[in-house]
Amino acid sequence: MAEISHFEYGWITPALSYALSVLGSALGLICAIRIRTARSAGQRAWWGTLAAWAIGGTAIWTMHFMAMLGFAVQGTRIRYDVPITVASAMIAVIAVGIGLAIVGTGRFSAVRLLAGGLFTGAGVAAMHYTGMAAMRLNGRIDYDTTRVVLSVVIAVVAATVALWLAMTVRRGLAIVGSALLMGVAVNGMHFTGMSAMSVHPHAGQGEVSGAGVSTLLVPIILAVVFGVVGLVYALLAAPTAEDRAAAAYFDDLRGQEPAEASPPPPDPVGLRARSTLGQPGAPFPSRRGNPPR
């Protein structure tokens, strides 16, 4: 059995993978808040898609690939099948999107939460092992059944907690704490699944086909950067609940009828009766009365 290293570059790759999972989770939770405040089905679908991309694409799949940068097997190079790698990313995004649709459609309940968590967790586990199936190396890969089952259980529990947080968290500090917790769960599932893996090298050194890590790294980094920037821009450009409330308030003010004219102020010294002074031809009043004719 070949020697396996999960931390080829030390703690750089796990630290980056955890940071990506926290970032994606935070953005996904913020998008999930917009799902709950959306006024139409189109808006809910839009924010649900962004939340699925943030959690499934950034917090889960990109974290998985970043952690795989530190994975090495002694005596063989590692390559990746590109179509299967892309398929694993799509599985993660679609699974999270369907899970959000299950819990976010209709009245939120425990049954919906459990169904969404089960489906999403199974999809996250499928993403992980599909990504591992995309790996090409000079050896045979085996898995320990007990640890595989444990990783799937962790994925289901983590997905259920993530969906519950997506439907309940509202405040900024709670979002940060929830994202930190989700990052721990996602990384725990990944490294539990990786610990179930063993490699038995082939006798001969055959040619390993597929794309290298350096080939995939640049497009994945660009996808993450543009994806995060797009999510942040969408969040900043969309009106908040406070913005909508203020707009509705001013619309109400514009729709009101003009107020009735207020009564004139009191005129104790009779200045209003002398308003004809400014008119042409008006006689100048005198305290002595009018002169005799």
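Both Leu23 and Ile12 belong to a single network of hydrophobic side chains, linked directly or stepwise wherever heavy atoms of I, L, V, M, F, W or Y lie under 4.5 Å apart. Linking Ile, Leu, Val, Met, Phe, Trp and Tyr whenever their side-chain heavy atoms come within less than 4.5 Å leaves Ile84 and Met90 in two separate clusters. Residues Val184 and Met63 fall into different hydrophobic clusters, defined by Ile, Leu, Val, Met, Phe, Trp and Tyr side chains chained together at heavy-atom separations under 4.5 Å. When the side chains of ILVMFWY residues are joined at heavy-atom separations under 4.5 Å, either directly or via intervening members, Val96 and Leu114 end up in two distinct hydrophobic clusters. Placement of Val22 and Leu163 in two distinct hydrophobic clusters is found when ILVMFWY residues are connected by side-chain heavy-atom separations under 4.5 Å, directly or transitively.
Within a 6.0 Å radius of CG in Leu222, more than 12 heavy atoms belonging to other residues, nucleotides or ligands are found. Residue-environment remark: OH (Tyr9) stays at or below the threshold of 12 foreign heavy atoms within 6.0 Å.
Formation of a donor-acceptor pair under 3.5 Å by the Arg136 side chain with backbone atoms of Tyr80 is not found in this model. Between the side chain of Ser195 and the main chain of Thr192, a donor-acceptor pair closer than 3.5 Å is present.
Expressed to the nearest 0.5 Å, how far CG of Leu113 lies from CG of Leu118 amounts to 11.0 Å. Taking NE2 of His190 as the reference point, atom CD1 of Ile60 lies at 12.5 Å (rounded to 0.5 Å). The structure places CD1 of Ile78 at 10.5 Å from CG of Leu69, a figure rounded to the nearest 0.5 Å. The structure places CD1 of Ile141 at 3.5 Å from CE of Met135, a figure rounded to the nearest 0.5 Å. Rounding to the nearest 0.5 Å places CD1 of Ile35 at 12.5 Å from CD1 of Ile30. Distance check, rounded to the nearest 0.5 Å: CG of Leu150 to OG1 of Thr145 gives 12.5 Å.
Applying the side chain to side chain donor-acceptor pair (under 3.5 Å) rule to Thr58 yields no partners; only residues at least two apart in sequence or on another chain are considered. For the salt bridge (charged side-chain N to carboxylate O under 4.0 Å, His left out) test, residues two or more places apart in sequence or in another chain that qualify with Arg140 are Asp142.
Two residues are said to be in side-chain contact when any heavy atoms from C-beta on lie closer than 4.5 Å; Met197 and Phe71 meet this criterion. Arg77 is not listed as a side-chain neighbour of Asn138, based on a closest heavy-atom distance of 4.5 Å or more. With a 4.5 Å cut-off on side-chain heavy atoms, Met132 and His64 count as touching. Contact of the Met194 side chain with the His128 side chain is registered, since non-hydrogen atoms from C-beta on lie closer than 4.5 Å. The shortest side-chain heavy-atom distance between Ile4 and Val199 falls under the 4.5 Å cut-off. Considering only heavy atoms from C-beta on, Tyr18 stays 4.5 Å or farther from Trp11 through its side chain. Contact of the Leu20 side chain with the Phe65 side chain is not registered, since no non-hydrogen atoms from C-beta on lie closer than 4.5 Å.
Nearest approach of Ala32 to Ala166, heavy atoms of both residues: CB-O, 3.4 Å. Considering all non-hydrogen atoms of both residues, Ser151 and Val148 come closest at OG-O, 2.6 Å. The minimum heavy-atom distance between Trp61 and Ser88, with the atom names listed, is NE1-OG, 2.9 Å. Taking every heavy atom of both residues into account, Gly227 and Trp53 meet most closely at CA-NE1, 3.9 Å. Here the shortest heavy-atom pairing between Ala2 and Pro201 reads N-CD, 3.7 Å. When every heavy atom of Thr85 is checked against every heavy atom of Ala134, the shortest pair comes out as OG1-CB, 3.5 Å.
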| said: Go through it in stages, so that I can follow the logic: the residues are Asn187 and Ser21, the test is side chain to side chain donor-acceptor pair (under 3.5 Å), and I'd like the CA-CA distance, side-chain angles, deciding distance and then a yes or no. | reply: CA-CA 8 Å; Asn187 281 265; Ser21 62; 3.2 Å; yes
| task | Decide yes or no on side-chain contact (heavy atoms from CB on, under 4.5 Å) for Arg79 and Leu137, but give the supporting numbers first. | result | CA-CA 6 Å; Arg79 297 290 185 266; Leu137 49 79; over 6 Å; no
| Where do Leu165 and Leu29 land on the side-chain contact (heavy atoms from CB on, under 4.5 Å) test, with the steps shown first? | CA-CA 7 Å; Leu165 293 172; Leu29 290 173; 4.1 Å; yes
| field | Verdict with reasoning, Leu235 to Cys31, per side-chain contact (heavy atoms from CB on, under 4.5 Å) | value | CA-CA 7 Å; Leu235 289 169; Cys31 291; 4.0 Å; yes
| request: Go through Ile175 and Ile33 one step at a time and tell me if the side-chain contact (heavy atoms from CB on, under 4.5 Å) criterion holds. | output: CA-CA 10 Å; Ile175 291 174; Ile33 294 175; 3.5 Å; yes
